[in-house]
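Heads up, the thing below is written out as structure tokens.
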Amino acid sequence: MESEKLFKHESIGKLILKTSIPSVVIIIMMMLYNMADIFFIGQTGDAMQVASVSIAGPIMSILSGLGTLIGAGGCAAIATQLGKGDTKLAKSMSSFSGWFSIGVGILFALFLISFMSPILAESGTSESTVEHTRTYLTILALGAPFIIFSSVMANLVRAQGAAKESMIGNMLGNVINMALDPIFISVLGLNVAGAAIATVLGNFVASVYFIVFMLGKKNELSLNPRYFSFKPKVSLKVLSLGFPTAFGIILMSFSTIIRNNVAAGYGDSVIAASGIAGRVAMIVSMIQLGISMGVQPAIAYNYGAGLFERMNAILKRTAISTVIIGVVLTATVFMGRATLVSIFLDNAEVSQLGQHIVALAMVTGPIFGIGFLCTTFLQSTNQATVATVVALLRQGIFLLPLTFILSAVFGLEGFLWSAVLADILSTLVNIVLFMRYNSTFYKSHKKHSETQEKQELQHKAQEMHELSQEQFPEAIETLRQQQDMQEAPQESHEDLQEALKIKENMPEALDGYSQTSQKNPEL
């Protein structure tokens, strides 16, 4: 199988490259399509439309979080079962994930459209931005089933080592989105509505691609309804493993909504600048996220297969890679922040503030990927509770209290620094938890493996002892009868003598071996 060849036998360096590069390409394409929306809307010269897309961002991140809940959880769960060799359960998990994502998309659309007005009122909209935001969200809500389904499928196909196919599906959707943006926004003059329509159509095409791929003969998974199951070993396993990442995304969305309300007190230009700066800063954090996403199925597969030495080697090499790439990206974005921010909107006030926010965000750029890797490791090893606590640190425990405290004391500058301090504190805690838990986890499983090996040695010694008692007498008696009847050749007489010696010495030798294995389990 492709998953076994890649995750179990490929060299660590090539494994990380083969899994991470497609994931990073996916992340880059996602960033480009997000930036394309802002870029072409920014060409209208209307800062309020830019602000409306920024306001809608957190709400649509909830949709992304739901896709991650099912997709990331399904990826980890399926890869673990493939590592154990249980392909039937893996097919049930993939069928559940696919059909469940469509149902969740429909429910999300109904909820958002039904409660649009109160949601907009709590999202930081003003009289200048409310109608633009309503239009944008309504169209995206109608396409929610396709948006969630394509996101989930992109994760599931990675679980079987098909990182290239995952990349192709994502690129196909994003390229179509970016190609349609200038046509709908600028040429047809649909503005924010055009951006939303392009997004829905791009995800629809990606969904069709993944359905065709899942129907292929080389695919190890299935969308066949006959494999669908709501049994806890399927549904709860998928959702519990996906919950930490989804919880972090959804919590981030609510935190951003609250922060937008605080920022609204400083003017719509602050919201617009924060939205633009956030997309620029994502260049660093999201590429690091792509690396961790790429190796997730490899970590889960080796965990399921019991190959803990290999799993640990993958973790160490990935951690080093995220830090090195983080340093390079941080330096690049920091030095080019003026150009990057000015691409989106030709407004001196918004541009200057956006550059300042980007500079602050780069403080934790080099080590931000460690936080993603920590959550990935915990998810892949079935530690959903600890991973959820990790996700809560930045967005809940640190960010919101710091937002209100520093804003009250230092005004706008305190508001901007609150996100930086939350990143620093949560990243440091993540590093400590990652190193401590990984060490504890590895030692416990090493001890378990040694105990298992000792038990197997003792069991083999017992089997050999029983064999010597049961089978040798029968073989010796047969040879003796042949000798008495003078039917056996000379070689049989020699065999008889050798067998008699073995019979005489075997019990004592086996007993000594058994005692030695008990005292020295490493033998």
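- Of the options M214, R158, E165, a side chain to side chain contact (heavy atoms under 4.5 Å, CB included) to M153 is made by M214 and by none of the others.
- Looking at S150, its side chain never comes within 3.5 Å of a backbone N or O of S207 through a donor-acceptor pair.
- At least one side-chain heavy atom of I197 sits less than 4.5 Å from a side-chain heavy atom of L190.
- Counting only distance, with no hydrogens or angles, the side chain of S407 and the backbone of F404 share no donor-acceptor pair below 3.5 Å.
- With N177 as the partner, the side chain to side chain contact (heavy atoms under 4.5 Å, CB included) test is satisfied by one option alone out of N203, L201, T199, V200: T199.
- Side-chain contact check for V420 versus L416: every heavy-atom pair is 4.5 Å or farther apart.
- For S151 (side chain) and I147 (main-chain N/O), no donor-acceptor pair under 3.5 Å exists by modelled atom type.
- Under the 4.5 Å side-chain criterion, counting only non-hydrogen atoms from C-beta, V295 is in contact with S20.
- Atom CD of Q296 sits about 10.5 Å away from atom CG of L373, to the nearest 0.5 Å.
- Taking the six-membered ring where tryptophan is involved, the planes of F204 and F146 are perpendicular, since the angle between them exceeds 60° and thus also 30°.
- Both cation-pi conditions hold for R337 and F334: the charged atom is under 6.0 angstrom from the six-membered ring centre and inside a 45 degree cone around its axis.
- When atom types are taken as modelled, the side chain of W417 and the backbone of L406 share no donor-acceptor pair closer than 3.5 angstrom.
- Inter-residue side-chain proximity for F210 and L223 is flagged as unmet; no heavy-atom pair is nearer than 4.5 Å.
- Contact of the I148 side chain with the V152 side chain is registered, since non-hydrogen atoms from C-beta on lie closer than 4.5 Å.
- Between T318 and I299, every side-chain heavy-atom pair lies at or beyond the 4.5 Å cut-off.
- Between F230 and F96, the ring-plane angle classifies as perpendicular under the 30° and 60° cut-offs.
- Although no hydrogens or angles enter the test, the distance criterion places a donor-acceptor pair under 3.5 Å between the side chain of S114 and the main chain of L110.
- Within the 3.5 Å criterion, the main-chain N or O of Y301 finds no donor-acceptor partner in the side chain of T80.
- Counting only N and O atoms by type, the side chains of S95 and R226 include no donor and acceptor under 3.5 Å apart.
- Inter-residue side-chain proximity for F111 and I119 is flagged as met; some heavy-atom pair is nearer than 4.5 Å.
- Interatomic distance, S101 OG to F108 CZ, rounded to the nearest 0.5 Å: 14.0 Å.
- S94 places a side-chain N or O within donor-acceptor distance of the main-chain N or O of S222, the cut-off being under 3.5 Å.
- Under the 4.5 Å side-chain criterion, counting only non-hydrogen atoms from C-beta, V24 is in contact with I291.
- The environment of CE in M171 is sparse: at most 12 heavy-atom neighbours from other residues, nucleotides or ligands sit within 6.0 Å.
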